[in-house]
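One structure below.
Values below: every heavy atom of this structure, side chains too, minus hydrogens, waters and symmetry copies. Since we're looking at a predicted model, the values are computed, not measured.
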Amino acid sequence: AAAQPQPGVVQAPLEQLQAQVEALAQAQAQAAQAAQQAAQQAVAAVLRARDRHLASASDSTRGKLLLQQARPLAWLAVDDAAQQLARSWQTRAKQTEASFPGADGHTVWWWWLHARSAVQGALLPEKGKAGQPSVQDVLHAMIQCQPGANMVLVDTHAVCSITNDQRKPDVCGVCDAELLPHPTAEVSTARQPGQSRFRPSPLNVGLILDAKKQSNNKNQFNTGPNVTQVTGYGENVLGQLDGLRGSVLTGLTDLQHIQLYEAVCEPDGLQYYASEARADVLETLCAVMLTAPARLGVVGDALIQHEVHTLELEAWLGAGSTSRVFWAQARGGARGYVAKLAQEPQLDLQHEWDVLTELQPAVAEGAAIPQAIALCQNARALLMLPKCQQLTPENARQPSLGATQFQWLLPGVVFTLERAHQLGWIHNDIRPANLMLGPSPTARSGLGAASVQLPLQHAAAARHVPASTKGLGPAVLPLLQGAAAGDVPSRTSGPHTGLVWSARDAATQAQQAADATGFAIYLLDWGFASRAGSEFLHYGATVKFASQRLLSLLAAGCEPAQCHVSPADDLESLVKSFIALRYPQIGDRLHHVAMHHSDAWRELRDIWQPWVDTHATVFGAATAGAYGTVAICLQQLLPSL
């Protein structure tokens, strides 16, 4: 009877019922997804509010909040293997005499037990004074007799800093399982931590540990400022690697207790996990040392094969939009190179290798262009020399490079760009980030020395009239006759005040300046280089230093593919880069330009226009391709940074 049609009821087809069920399920899924997105947005908002609060908080407040909001560090466990490793460490420490000041002939293990049981009156300070043993002394003595594991603990006071601000934690755990001896190795075969093959870097550090003074208060060693300090080391490492590694482990100890903090990069931001303040210090360290390097965030496959040498990536130098740059050292420490690695699997560095190879004749003449050494790893690793540092006002004012001597380097970078143009290449990516300070091309090849002095008449460069508010001072104006009419000479010769630029001695002057100071300004990152007349590459930060001509074309609606580059565009970008280094307020304004906005090109052009008007002579020379005039003008405008 139920199967019979009822009066007033319409029998729906099976297909219609199925569609209704699917629509209902889809609506439910969409509602669940919307709820999940709303929850994620709410969490992200809370995290952003927390980060803003932390950014403005004191070190004490930051550390306390971090401990309050940290999740439990659940993966750390002291198992039988860690206990066995701790016993092996104890045996070694009993057989090793402590050698720090005030050790009084006791073994390392005696001092470890003394530090572990110290009470009021015998508590150890963080650092020793006048022969008084300290927490650091005992910890570093223990490091010298550690057993082998997946990690080597290294006293960082004997090696370079892993942070880009030269701060140093007390101990770093370097992960390199291939080079380590077996945990059961005898004392006589123990390696010496701190050797070159155990140099810590942001890539291979599995633990960052700071030693703090002892106190009767159990929680004195992990105060807010101490937590902020050691976790700051970890955040610095993650920041340098720009997403290359996803976590880092840090910790604090006074040898009576130890606490670990793991920073993990999660979709909503940086999340911290913290252990309890543990009393089993040695066993906890052993548990960390036996942990797989990948679990500690250590980057694997950090090796490059070059000829018969295996190169290890030892130091982070920088990152770009498509690549990362490291200092790579051959095992044994015999050779070192700058290694540029493509970020994505589908990218390679073949083009940059081809460009640098064609530019090598200019390098042989003294042009400050990286020397291409080898293309490795299926064209995804490019080895270069020399090792440079970012050109900044701070670097330009270092004691070994006086303000007057900095002027001498400016013609060299102009000469470098001119030689590249003569060989048919446009750099296309000249900006402050690609200007580097490095050893002079002749000094790096052993052909010159920093002790070479310029002739005395070059001292006149120090007496140049500073640039006026309308460009150049009167001392240099006689050199630029005809500039107002647009007839800017490509070379400047004749009487001058210590500034020489002629077809005959341009390279000589650049080489003399580099030899006298030991430095040169390098043009790096030739990956976007192209031939004259090629399409303008308008990527990222590059366009912010593009010539006014290119910016005007783009602002007028011209498609980038229709904007063709010329040597003059390169030269103007060089001028803009140096002016931006001299006047940081320009960089601040450029940084806030929203490149996705339709008026971005016009905004960039308008930011630069007052500077172009103020320094009309040097910009006019760049537009005319007058390399010599640009060199002289830069020396006038930039007596120093």
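- Although no hydrogens or angles enter the test, the distance criterion places no donor-acceptor pair under 3.5 Å between the side chain of Asn236 and the main chain of Tyr233.
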Residues Gln136, Lys212; criterion side-chain hydrogen bond (donor to acceptor under 3.5 Å, both in side chains); working and verdict: CA-CA 8 Å; Gln136 286 186 9; Lys212 297 301 178 184; over 6 Å; no
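- Of the inter-residue distances, the one linking Gln271 atom CD with Cys265 atom SG reads 11.0 Å to the nearest 0.5 angstrom.
- For the pair Asp254 (side chain) and His257 (backbone), a donor-acceptor distance under 3.5 Å is present.
- Side chain of Gln146 to main chain of Val152: no donor-acceptor pair is present (N/O by atom type, distance under 3.5 Å, no hydrogens or angles).
- If you look at Trp111 and Phe100, their ring centroids are closer than 6.0 Å.
- With respect to Pro169, the side chain to side chain contact (heavy atoms under 4.5 Å, CB included) criterion is satisfied by exactly one of Leu209, Leu252, Asp210: Asp210.
- Electrostatic pairing of Glu352 and Arg380 does not count as a salt bridge here, judged by no charged N lying under 4.0 Å from a carboxylate O.
- Each of Leu66, Asn226, Ile208 was checked for a side chain to side chain contact (heavy atoms under 4.5 Å, CB included) with Thr231, and the lone residue meeting it is Leu66.
- The main-chain N or O of Asp170 is found under 3.5 Å from a side-chain atom of Thr156 such that the two form a donor-acceptor pair.
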Dump the intermediate steps for side-chain hydrogen bond (donor to acceptor under 3.5 Å, both in side chains) on Thr228 and Arg62, then the final yes or no. CA-CA 6 Å; Thr228 298; Arg62 282 174 56 87; 4.7 Å; no
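- Under the 3.5 Å distance criterion, with hydrogens and angles disregarded, a donor-acceptor pair is assigned to the side chains of Tyr261 and Gln259.
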